[in-house]
Amino acid sequence: MDVPEEVGEAEEAPDAPVVPVAPVAPAAEDATGSAEGPGPSEEPAAARPRRRGRTALLLAAAVVLGLVGGTCGGYLVQADREPTKLPPLSQPVVKQAEGEAEPLSAAEDRRLRTDGDLRKLLLPRPKGTRDAEFELGTDGWLDLAEFAQIYEEPDEIFGDLITDEFRRAATTSWRAGSTQNVVVRLVQFRQEQSLAAAQDAESAYYWAEEEPNTRSWPIPGTGDGMAYVHDTPERKAGYLPLYSAQAHAWRGDIAMDIWVYDTRPISKEKIMDLAKRQVGRL
């Protein structure tokens, strides 16, 4: 096909250019005046970003007109209807039951049990056991300062316990055989600002899972309570290897912590039995 000698001026590009399916415009002349198009290896120029045209404005105007028209039409229809009668303001009087409700027994009222002597909720010491090698607290109680001393940074923990609304803590411990020591602790919070018992348990879960070579199992009946057995013992020159297991859970405003230490590996059955029996007392 012959190429026309003159090419007319291109029309002004619209705001939103449309890319054609096939090239329809004549190719621009190169410097030598030839009209050959680009070779197959050349890539087309990238299309410019699409700018917003009038279509969006027309759609917006149509939506506004539709809303106005619908509102006016609905008002006219409703104006022709008869008013709907409203129900009477007075309601039937519910007869109050006679007598007074019987208070819950101590077995039924958990709050009554947990507000009493917290030490009575601890697991009883098994028969045939002895005092543990290390005793904590005084007469089964741990005050705020004594409880903070359990941790590596007691000054920081002391402030955290005040923020967490620490109320009190009860503990018991015993020694079974010649090498095994058990520690059980219940920590109660006031929980006027936050669910501190649950947060305390979550912190214990985190640190228990950080220990290497650790196995874990959920404690039945606790929601998210967990028991852990650490299969790698702590070793120190001049001492026997020390194996450990722990269990943590919470119920209401009380967090439960159990530790077992032994120079021999500790079984899952041992820590789970202690955990399930202690949770059952809460």
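Worth saying up front: this structure is predicted, and the values here are computed from it rather than measured.
There is no path of hydrophobic side-chain contacts, each under 4.5 Å, that joins Y151 to W207.
Residues M226 and Y205 approach most closely at N-CE2, 4.0 Å, considering heavy atoms. The minimum heavy-atom distance linking S173 with E135 is given by the pair OG-OE1, 3.4 Å. L121 and R281 make their closest contact through O-NE, 3.2 Å (heavy atoms, listed as atom of the first residue, atom of the second, distance). What you find for M272 and I219 is that their closest heavy atoms are CE-CA, 4.3 Å. Listed here is the closest heavy atom pair of A204 and D257: CB-OD1, 4.5 Å. When all heavy atoms of S267 and V229 are compared, the pair lying nearest together is O-CG2, 4.1 Å.
Within the 4.5 Å cutoff, side-chain heavy atoms of I150 are placed close to those of R185. For the pair L123/V182, no side-chain contact is recorded, criterion being any heavy-atom separation below 4.5 Å from C-beta on.
Judged by distance alone, the side chains of D224 and W250 do bring a donor and an acceptor atom under 3.5 Å apart. In the model, D253 has no side-chain atom that pairs as donor or acceptor with a side-chain atom of Q191 under 3.5 Å.
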Salt bridge (Lys or Arg N to Asp or Glu O under 4.0 Å) evaluation trace for R119 with D139: CA-CA 9 Å; R119 298 172 299 178; D139 194 24; 3.1 Å; yes

With side-chain contact (heavy atoms from CB on, under 4.5 Å) as the criterion, how do F189 and R167 come out once you've worked through the C-alpha distance, each side chain's angles and the decisive distance to 0.1 Å? CA-CA 5 Å; F189 301 87; R167 180 180 175 185; 5.6 Å; no

Would you sort out whether R168 and L118 count as a side-chain contact (heavy atoms from CB on, under 4.5 Å), showing the intermediate values? CA-CA 9 Å; R168 55 183 180 169; L118 194 60; 3.9 Å; yes

Test L144 against I162 for side-chain contact (heavy atoms from CB on, under 4.5 Å), laying out the working first. CA-CA 8 Å; L144 180 59; I162 293 177; 3.8 Å; yes

Let's go through W259 and H248 carefully: what are the C-alpha distance in whole Å and the side-chain angles of both, what is the deciding distance for ring pair (Phe, Tyr, Trp, His ring centres under 6.0 Å) to 0.1 Å, and is it a yes or a no? CA-CA 9 Å; W259 287 270; H248 306 280; 5.6 Å; yes

Where do T232 and Y243 land on the side-chain contact (heavy atoms from CB on, under 4.5 Å) test, with the steps shown first? CA-CA 7 Å; T232 300; Y243 292 87; over 6 Å; no

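Under the 30°/60° scheme for interplanar angles, the aromatic rings of H230 and Y228 are found to lie parallel.
Of the inter-residue distances, the one linking D200 atom CG with L195 atom CG reads 12.5 Å to the nearest 0.5 angstrom. In this structure, CH2 on W141 lies 11.5 Å from OG1 on T171, to the nearest 0.5 angstrom. Considering CD1 of I271 and CH2 of W217, their distance stands at 9.5 Å, rounded to 0.5 Å. Note that the OG1 atom of T214 and the CG atom of D231 stand 7.5 Å from one another [nearest 0.5 Å]. Rounding to the nearest 0.5 angstrom, the gap separating the CG atom in L122 from the CD atom in Q278 is 5.5 Å. The CD1 atom of I258 lies 4.0 Å from the CE atom of M256; values are rounded to the nearest 0.5 Å.
A donor-acceptor distance shorter than 3.5 angstrom exists from the side chain of E146 to the backbone of D143, with no hydrogens or angles considered. Put simply, the side chain of Q246 never gets that close to the backbone of A208: no donor and acceptor are under 3.5 Å apart. Panel note: side chain R130, backbone G177; a donor-acceptor pair is recorded below 3.5 Å.
A salt bridge is defined here as a Lys NZ or Arg NE, NH1 or NH2 lying under 4.0 Å from an Asp or Glu carboxylate O, and R175 with D262 fails to meet this definition.
Sparse packing is recorded around CZ of R264, with 12 or fewer heavy atoms of other residues, nucleotides or ligands lying under 6.0 Å away. Crowding of E209 atom CD: a count of heavy atoms from other residues, nucleotides or ligands under 6.0 Å exceeding 12.
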